[in-house]
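Here is the structure we will look at, set down as structure tokens.
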Protein chains: 2
Amino acid sequence: MGWEASLPERVKIRDVARAAGVAVGTVSRVLNDHPTVTEPVRSRVRAAIAEMGYERDSVAQSMRGGSTHLVACAIRDFDIPRFALFIKEAERVLREAGYTLLLSSTTNSPEVEMALLRACAARRVDGVMTTISDESHPGVIDALHAAPMPVLLIDRDHLPELDRVTADHAAGAEAATRHLLQLGHRRIALLVGDTKAAPSRSRVEGFRRALAPAVPDAHLLRDRVLTSEDAFRETMALMSLAEPPTAIFVAAMDMLGGCLRALRALGLRVGEDVSLVSGSDSELAELYAPPVTAIAWDLAEMGRHAATMLLERMRGEAPDTGRALKLPTTLVVRQSCRAIP
Amino acid sequence: MGWEASLPERVKIRDVARAAGVAVGTVSRVLNDHPTVTEPVRSRVRAAIAEMGYERDSVAQSMRGGSTHLVACAIRDFDIPRFALFIKEAERVLREAGYTLLLSSTTNSPEVEMALLRACAARRVDGVMTTISDESHPGVIDALHAAPMPVLLIDRDHLPELDRVTADHAAGAEAATRHLLQLGHRRIALLVGDTKAAPSRSRVEGFRRALAPAVPDAHLLRDRVLTSEDAFRETMALMSLAEPPTAIFVAAMDMLGGCLRALRALGLRVGEDVSLVSGSDSELAELYAPPVTAIAWDLAEMGRHAATMLLERMRGEAPDTGRALKLPTTLVVRQSCRAIP
DNA sequence: TGGCGCCGGTGAAACGTTTCATATCAAACG
DNA sequence: CGTTTGATATGAAACGTTTCACCGGCGCCA
């Protein structure tokens with residue numbers, strides 16, 4: 001293999017210095033583009049570096065300097081396909097700024113989240129962007145505040161002292177619900193994720209706001225829909241009620257598939273037998289027959305901004321107070337909702 | 001914020017030693033569970049660690065020890081939704097083994113890939129799992145061999161001296177093509193990605209094998225389909241041919257959406273006007289109307305095995321020769337293919 | 001020509017851990 | 001009782017870089 005036995009004895013700054021006939025400090029100054037080094041020396045050192053294939057050891061660099069140029073991103077579950085866009089853009093921005101992305105799953109557990117923050121501190125990670133699963137968990141909140149590096153929250157809005165990027169889920173949910181109301185729907189079911197976290201709570205809030213002064217039927221409000229199977233099960237249950245809903249607003253992220261599977265299993269036609277709005281847009285929503293009305297927002301932009309804000313904060317260019325960016329959501333009206341008498 | 005000005009002066013091993021009234025070396029031995037520490041000393045040190053909230057600095061640890069417990073994963077593009085499953089499982093296995101995943105996009109460029117390997121060396125990353133965009137690029141091949149850490153290839157099979165996990169795309173493509181042939185199709189279009197890399201080449205190979213002794217019509221063979229827009233464009237072009245194909249095998253990963261968009265734009269019905277097979281399975285394929293016949297393989301298992309094999313290699317538990325794991329593909333027959341006279 | 005300031009370069013300390021040779025001490029043994 | 005042995009703990013070196021106090025020599029001015 002090459003990497004196991006006969007390690008070619010990594011070349012270090014000392015070897016370069018010896019080869020170039022200068023002191024190690026001088027090589028370091030060349031590497032870091034210090035002005036106080038004369039041209040002949042600089043090029044001699046550069047030549048030695050090139051010839052010997054020297055590569056800086058960033059562990060040693062971090063050891064001395066402090067910064068690791070590592071940024072951690074932690075979310076509940078990577079296989080939420082839409083989140084890939086967030087990560088992709090965040091990684092791009094960070095990479096172009098010389099940072100490396102470190103990815104970790106929180107598995108939706110406060111304990112894991114606390115462990116993660118500790119691990120980031122131990123690794124001297126320069127910055128963290130993360131969701132958190134339970135906004136009122138004191139341990140996690142303490143850990144966030146005690147973190148020795150800047151933390152940016154993804155889609156969480158309850159800690160004004162931290163930077164955060166969110167999508168306007170309340171407005172999205174309100175618009176979706178109004179859309180259904182205008183079409184004459186009164187029995188509207190809502191599927192959301194964990195209401196311990198902002199997105200689901202905001203969606204419920206927007207839902208209630210649109211319904212007011214009427215209040216939602218408790219039977220039609222289902223939370224803790226976290227997996228595709230949950231969505232399948234809840235949809236089955238909803239449509240088996242004595243008085244089933246005339247419309248389903250499947251607001252939990254990427255749960256449309258589970259819902260559609262259930263409707264298919266029940267032999268119900270979307271748009272005909274039950275109207276449908278998805279809380280997040282996807283190719284599936286776009287290309288399904290009929291195409292499914294959905295709430296859309298720009299996850300790539302969200303990732304881009306998250307990375308940018310975190311970079312500013314790490315560089316100390318940000319104000320003392322936490323900054324909030326709330327991205328707009330839009331309702332993409334398609335053909336999955338029918339007017340009812 | 002807490003992290004900016006008044007850093008609470010991180011507690012180090014020396015402070016713990018002083019508090020416990022022992023030498024730093026002793027604290028280190030307690031931390032690393034060395035047997036040569038008496039119980040009273042051990043518990044005294046443990047108490048001091050707990051009380052002071054000491055946390056090991058893993059940068060310093062790596063500095064001295066060598067291992068960073070970092071594993072890099074690099075693929076072309078994260079927003080290939082199916083790959084999230086791979087990453088998710090790989091991350092889980094690695095995390096449970098005490099490693100942290102470092103994620104990077106290669107942007108399908110050999111230069112970036114070479115830079116990435118150098119950066120991994122500089123960071124003293126313990127292992128790398130990666131795709132590579134051009135299997136015959138000498139620079140990348142040299143870099144792979146010169147890498148000072150184990151490298152595992154994802155879905156690449158051309159370097160027998162390296163570990164690798166692949167899916168049997170050739171068999172999948174062959175099965176899909178036979179399926180279409182049996183239904184009477186003769187003009188079958190194939191959309192694949194970059195044939196500089198194994199998956200696309202294997203798919204073409206399986207396609208040819210099924211067709212033999214007939215040879216594919218060059219007009220119906222489209223490679224370099226890398227984005228959804230490419231798939232859209234190529235599908236439009238194919239169906240506008242004087243003699244359009246009766247079936248499309250959209251074998252490039254996650255390109256089904258683009259293809260379906262084009263067919264919809266042309267007003268062509270899947271199954272009726274043109275048969276369709278997708279080279280990778282997805283919710284879209286499963287739930288589309290009609291459901292789309294697709295080639296499936298277990299990406300989660302692929303990620304799991306990749307991580308496991310890399311862990312074994314890093315621990316030196318693997319044989320000297322590169323190991324290959326080829327996951328089977330299955331053809332999930334749905335209703336997107338019609339028999340033709 | 002001698003003193004001074006300045007430029008370019010040097011060498012060592014420091015970062016926080018692990019490890020290794022060494023010191024200490026009690027028990028065991030002749 | 002003196003010596004060996006074995007078990008624990010100690011202190012310093014080492015990891016590879018950056019930085020900083022310092023030094024030699026050069027040109028400039030008196």
Side-chain angles (χ1 to χ4, degrees), chain A residues 7-46 48-49 52-70 98 119 121-126 148, chain B residues 7-46 48-49 52-70 118-119 121-126 148:
Chain A
L7 307 165
E9 200 53 53
R10 194 181 169 132
V11 33
K12 12 200 142 175
I13 205 173
R14 193 180 306 131
D15 306 322
V16 175
R18 198 176 314 124
V22 297
V24 284
T26 305
V27 178
S28 175
R29 274 156 51 234
V30 170
L31 285 169
N32 296 291
D33 283 325
H34 277 249
T36 70
V37 49
T38 181
E39 195 37 49
V41 175
R42 185 183 299 274
S43 56
R44 198 146 40 97
V45 170
R46 287 251 165 82
I49 288 175
M52 310 181 75
Y54 167 76
E55 190 90 34
R56 231 198 204 80
D57 181 328
S58 45
V59 172
Q61 202 173 14
S62 305
M63 178 76 211
R64 172 68 223 232
S67 163
T68 54
H69 286 246
L70 242 34
R123 279 208 184 278
R124 293 207 213 152
V125 163
D126 287 346
Chain B
L7 306 165
E9 199 53 50
R10 192 180 170 135
V11 34
K12 16 201 136 173
I13 204 173
R14 193 178 306 133
D15 306 322
V16 174
R18 198 176 314 124
V22 297
V24 284
T26 305
V27 178
S28 175
R29 274 156 51 234
V30 170
L31 285 169
N32 296 291
D33 284 324
H34 277 249
T36 69
V37 182
T38 56
E39 195 38 47
V41 174
R42 186 183 299 274
S43 55
R44 198 146 40 98
V45 170
R46 287 252 166 82
I49 288 175
M52 311 183 73
Y54 168 76
E55 190 90 33
R56 232 199 205 78
D57 181 327
S58 47
V59 172
Q61 203 173 14
S62 304
M63 177 78 211
R64 171 70 222 229
S67 163
T68 53
H69 286 244
L70 243 31
R118 275 202 308 278
R123 279 209 184 277
R124 295 207 213 152
V125 162
D126 287 346

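Chain A is the first sequence line, chain B the second, and so forth, proteins listed ahead of strands; every chain is numbered from 1.
Look at NE2 on B:H34: it is 15 Å from P on C:dT17, rounded to the nearest Å. The nearest whole Å value for the distance from the CZ atom in B:R14 to the P atom in D:dG11 is 13 Å. Note: CG (A:D15) to P (D:dT17) measures 9 Å, nearest angstrom. Atom C1' of nucleotide C:dT19 and atom CG of B:L31 are separated by 14 Å, given to the nearest angstrom. Regarding B:R29, its CZ atom lies at a distance of 13 Å from the C1' atom of C:dT22, rounded to whole Å. Atom CD1 of B:I13 is separated from atom P of D:dG11 by 14 Å (rounded to the nearest Å). One atom, CZ of A:R10, and another, C1' of D:dT17, lie 11 Å apart when rounded to the nearest Å. For B:M63 and C:dT18, the CE to P distance is 13 Å, given to the nearest whole Å.
Counting any heavy atom pair closer than 4.0 Å across all strands shown, A:T38 reaches sugar-phosphate atoms only and no base atom. B:T36 comes within 4.0 angstrom of the backbone, heavy atoms only, and of no base. Among the heavy atoms of the strands, none lies under 4.0 Å from A:V59. Across all strands, A:R56 comes closer than 4.0 Å only to sugar-phosphate atoms, never to a base (heavy-atom distances).
The listed nucleotides are C:dT18, D:dG16, C:dG16; the one nearest the side chain of A:A60 is D:dG16. Comparing C:dT10, D:dC15, D:dT18 by their closest approach to the side chain of A:Q61 singles out D:dT18.
With the nearest nucleotide of DNA chain D identified for both A:V24 and B:V22, B:V22 has the one nearer the 5' end. Of the residues near DNA chain D, B:R124 and B:G25, the one whose nearest nucleotide (by heavy atom distance) lies more toward the 5' end is B:G25.
Side-chain N/O atoms of B:R29 and B:T36 include a donor and acceptor closer than 3.5 Å.
Using modelled atom types, no side-chain atom of B:R123 and backbone atom of B:T68 make a donor-acceptor pair closer than 3.5 Å. B:S43 contributes a side-chain N or O that, together with a main-chain N or O of B:E39, makes up a donor-acceptor pair within less than 3.5 Å. A donor-acceptor contact shorter than 3.5 Å links the side chain of B:R124 to the backbone of B:S62.
Under the 4.5 Å side-chain criterion, counting only non-hydrogen atoms from C-beta, A:V59 is not in contact with B:Q61.
Taking only distance into account, the side chain of B:R64 meets the base of C:dT18 through a donor-acceptor pair shorter than 3.5 Å.
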